[in-house]
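Notes follow the structure.
Any value given below was found using the heavy atoms of this structure, including those in side chains, with hydrogens, waters and symmetry copies removed. Just so you know, residue 1 is the first one in the sequence shown, and it goes up from there. In this text, all values refer to a predicted model and were calculated from it rather than measured experimentally.
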Amino acid sequence: MTTPLVSIDNLTVAFPIGRKLFGPPPMVKAVKNVSLSIPKGSFVGLVGESGSGKTTLGRAILQAAPITDGKITYDDGERRYDIASLSKDKLRDFRSQAQLIFQDPYAALSPRMTVRDIIAEPLEVMGLTKTREETDARVREIAAKCRINLEHLRRYPHAFSGGQRQRISIARTLAAGPKFVVADECVAALDVSIQADILNLLKQLQRDLDLTYLFISHDLSVVAHVCDYVAVMYLGEIVEEGPTREIFANPQHDYTKALLAAIPSLDPDQRSRVVSFERGTVTVDG
């Protein structure tokens with residue numbers, strides 16, 4: 001792996017549960033002493049079942065979840081941030097470099113805003129453009145890269161399908177020009193036929209815009225399609241990580257083996273399940 005863009009060192013994220021009359025409330029650790037390096041230009045998958053802590057980890061990187069202990073560093077060679085201790089001004093700057101693609105494109109977009117205004121909002125809030133003409137030019141540029149018909153910029157989200165809405169959501173995420181993107185189950189709410197289109201778009205945007213992704217998913221077949229490196233999370237800990245092909249071909253941890261065995265097969269009578277890569281296949285015993 002190459003130089004890390006994001007380095008996570010012994011990260012713990014804990015949340016209070018309930019209340020106590022005296023003393024601090026009991027805490028539950030959603031993320032436990034996790035370390036992970038995300039190289040610049042990589043497409044890193046973070047997989048695990050619901051409740052494994054993967055979404056909390058992704059949000060902690062963006063300082064959207066409290067960091068109880070440990071360290072997260074973002075370093076692109078020009079900017080360096082200790083994410084756990086960012087000042088308000090530094091946090092604003094960091095937010096232009098790191099963004100989130102939400103799972104549900106229906107909930108992520110305001111029904112009262114046009115597509116143009118949805119994509120333009122981050123530019124205006126962060127002060128990244130100075131005039132309406134400059135904003136409009138940037139909106140058109142990123143909309144075209146996300147395969148959004150420019151004639152649709154004046155329409156409202158209700159006029160679009162789920163896949164179209166997710167492209168709008170991706171365009172909004174990328175409007176500010178981030179280099180690091182956390183994609184949190186961003187195709188889970190879409191039909192299978194639409195998932196492939198969005199995944200291919202993410203790969204194309206990675207090449208065009210020099211993006212680095214942390215791709216959070218419970219679906220290993222999706223991770224196999226797009227990720228070059230994968231970390232498996234279980235009960236708040238990373239139990240296995242490595243190049244995607246190696247993990248799928250020779251999983252070491254029992255939890256990883258169980259996840260792979262759960263990949264649906266087209267033939268319910270088959271004892272093996274085939275996961276397709278861009279080149280070749282890997283057969284996993286059922």
Does a donor on one side chain and an acceptor on the other come within less than 3.5 Å for Gln195 and Asp191?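 Not at all, the side chains of Gln195 and Asp191 share no donor-acceptor pair under 3.5 Å.
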
Please determine, by modelled atom types, if Gln99 and Thr173 share a side-chain donor-acceptor pair under 3.5 angstrom.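 No, no side-chain donor-acceptor pair sits under 3.5 Å.
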
Please round to the nearest 0.5 Å and tell me the distance separating atom [atom1] of [X] and atom [atom2] of [Y].
| X | Y | atom1 | atom2 | result |
| --- | --- | --- | --- | --- |
| Ile61 | Thr56 | CD1 | OG1 | 11.0 Å |
| Glu241 | Ser35 | CD | OG | 9.0 Å |
| Asp104 | Ser169 | CG | OG | 9.0 Å |
| Leu220 | Ile247 | CG | CD1 | 10.0 Å |
| Asp210 | Leu205 | CG | CG | 12.0 Å |
| Ile8 | Ile83 | CD1 | CD1 | 8.0 Å |

Kindly determine whether Ile170 and Cys146 satisfy side chain to side chain contact (heavy atoms under 4.5 Å, CB included), including the steps that lead there. CA-CA 7 Å; Ile170 292 169; Cys146 293; 4.0 Å; yes

Could you tell me if the side chain of [Y] sits less than 4.5 Å from the side chain of [X], heavy atoms only?
| X | Y | answer |
| --- | --- | --- |
| Phe215 | Val181 | no |
| His253 | Val232 | no |
| Arg147 | Asp197 | yes |
| Ser50 | His218 | no |
| Leu57 | Val13 | no |
| Asn10 | Asp69 | no |
| Glu185 | Ser217 | yes |
| Gln206 | Val226 | no |

So if I apply the side chain to side chain contact (heavy atoms under 4.5 Å, CB included) rule between Ser42 and each of Leu5, Thr212, Leu214, Leu211, which one comes out positive?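 Output: one option passes, namely Thr212.
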
Option passing side chain to side chain contact (heavy atoms under 4.5 Å, CB included) with Leu174 (candidates Ile119, Leu209, Ile101):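 Option passing the side chain to side chain contact (heavy atoms under 4.5 Å, CB included) with Leu174: Leu209.
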
Check residues 24-34 and write down every donor-acceptor pair under 3.5 Å in which the side-chain atom is one partner and the other belongs to a residue at least two apart or another chain.
unit_1, atom_1, unit_2, atom_2, d
Lys32, NZ, Leu235, O, 3.3
Asn33, OD1, Thr12, OG1, 3.3

Identify the two heavy atoms, one from Gly58 and one from Val182, that lie closest to each other, and give their separation to 0.1 Å.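 Taking every non-hydrogen atom into account, O-CG2, 4.0 Å.
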
Do Glu246 and Asn250 pass the side chain to side chain donor-acceptor pair (under 3.5 Å) test, and can you show the C-alpha distance, the side-chain angles, and the key distance before you say yes or no? CA-CA 6 Å; Glu246 293 181 12; Asn250 188 28; over 6 Å; no

How would you list all residue pairs meeting ring pair (Phe, Tyr, Trp, His ring centres under 6.0 Å) that involve residues 121-159, not counting sequence neighbours?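 For residues 121-159, and leaving out neighbouring residues, the ring pair (Phe, Tyr, Trp, His ring centres under 6.0 Å) pairs sorted by first residue read His152-Phe160.
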
Backbone N/O of [Y] and side chain of [X]: donor-acceptor pair under 3.5 Å:
| X | Y | result |
| --- | --- | --- |
| Ser96 | Asp93 | yes |
| Gln63 | Leu91 | no |
| Thr114 | Arg155 | no |
| Asp76 | Arg79 | yes |
| Ser7 | Ser37 | no |
| Arg172 | Ala120 | no |
| Glu240 | Pro251 | no |
| Arg138 | Ala175 | yes |

Enumerate donor-acceptor pairs with a distance under 3.5 Å from any side-chain N or O in residues 122-134 to protein atoms, sequence neighbours excluded.
unit_1, atom_1, unit_2, atom_2, d
Thr129, OG1, Thr135, OG1, 2.5
Thr131, OG1, Glu134, N, 3.1
Glu134, OE1, Lys130, N, 3.1

salt_bridge([X], [Y]) N-O dist < 4.0 Å:
| X | Y | result |
| --- | --- | --- |
| Asp136 | Arg116 | yes |
| Asp184 | Lys54 | no |
| Asp228 | Arg245 | no |
| Asp89 | Arg92 | no |

In this structure, would [X] and [Y] fall into the same cluster of hydrophobic residues linked by side-chain contacts under 4.5 Å?
| X | Y | value |
| --- | --- | --- |
| Val239 | Val223 | yes |
| Leu62 | Ile67 | yes |
| Leu150 | Ile118 | yes |

Side chain to side chain contact (heavy atoms under 4.5 Å, CB included) between Leu202 and Cys186, worked out: CA-CA 10 Å; Leu202 292 176; Cys186 67; 3.9 Å; yes

Verify side chain to side chain contact (heavy atoms under 4.5 Å, CB included) between Leu190 and Ile198, making sure each step is shown before the conclusion. CA-CA 9 Å; Leu190 304 176; Ile198 297 299; 3.7 Å; yes

Aromatic ring pairing Tyr81/Tyr74, orientation class (parallel under 30°, perpendicular over 60°, tilted between): tilted

Whether over 12 other heavy atoms sit under 6.0 Å from Arg112 CZ: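 Counting neighbours around CZ of Arg112, 12 or fewer heavy atoms of other residues, nucleotides or ligands fall under 6.0 Å, so no.
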
Verify the neighbour count for atom OH of Tyr234: are there more than 12 heavy atoms of other residues, nucleotides or ligands below 6.0 Å?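 It does not: Tyr234 OH has 12 such atoms or fewer within range.
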
Begin with the C-alpha distance, continue with both residues' side-chain angles, and end with the deciding distance and a verdict on salt bridge (charged side-chain N to carboxylate O under 4.0 Å, His left out) for Lys90 and Asp82. CA-CA 10 Å; Lys90 289 289 187 180; Asp82 181 353; over 6 Å; no

Compute the ring centroids of Phe43 and Tyr229, then answer whether they are less than 6.0 Å apart. no

Start with the C-alpha gap between Leu11 and Lys71, add the side-chain angles, then the distance that decides, and say whether side chain to side chain contact (heavy atoms under 4.5 Å, CB included) holds. CA-CA 6 Å; Leu11 178 71; Lys71 186 175 182 180; over 6 Å; no

CA sep, side-chain torsions, deciding dist, call: Asp75, Lys40, salt bridge (charged side-chain N to carboxylate O under 4.0 Å, His left out): CA-CA 9 Å; Asp75 188 350; Lys40 185 176 181 180; over 6 Å; no

The test is side chain to side chain donor-acceptor pair (under 3.5 Å); show your working for Ser161 and Gln164 and say whether it passes. CA-CA 5 Å; Ser161 66; Gln164 290 171 317; 3.2 Å; yes

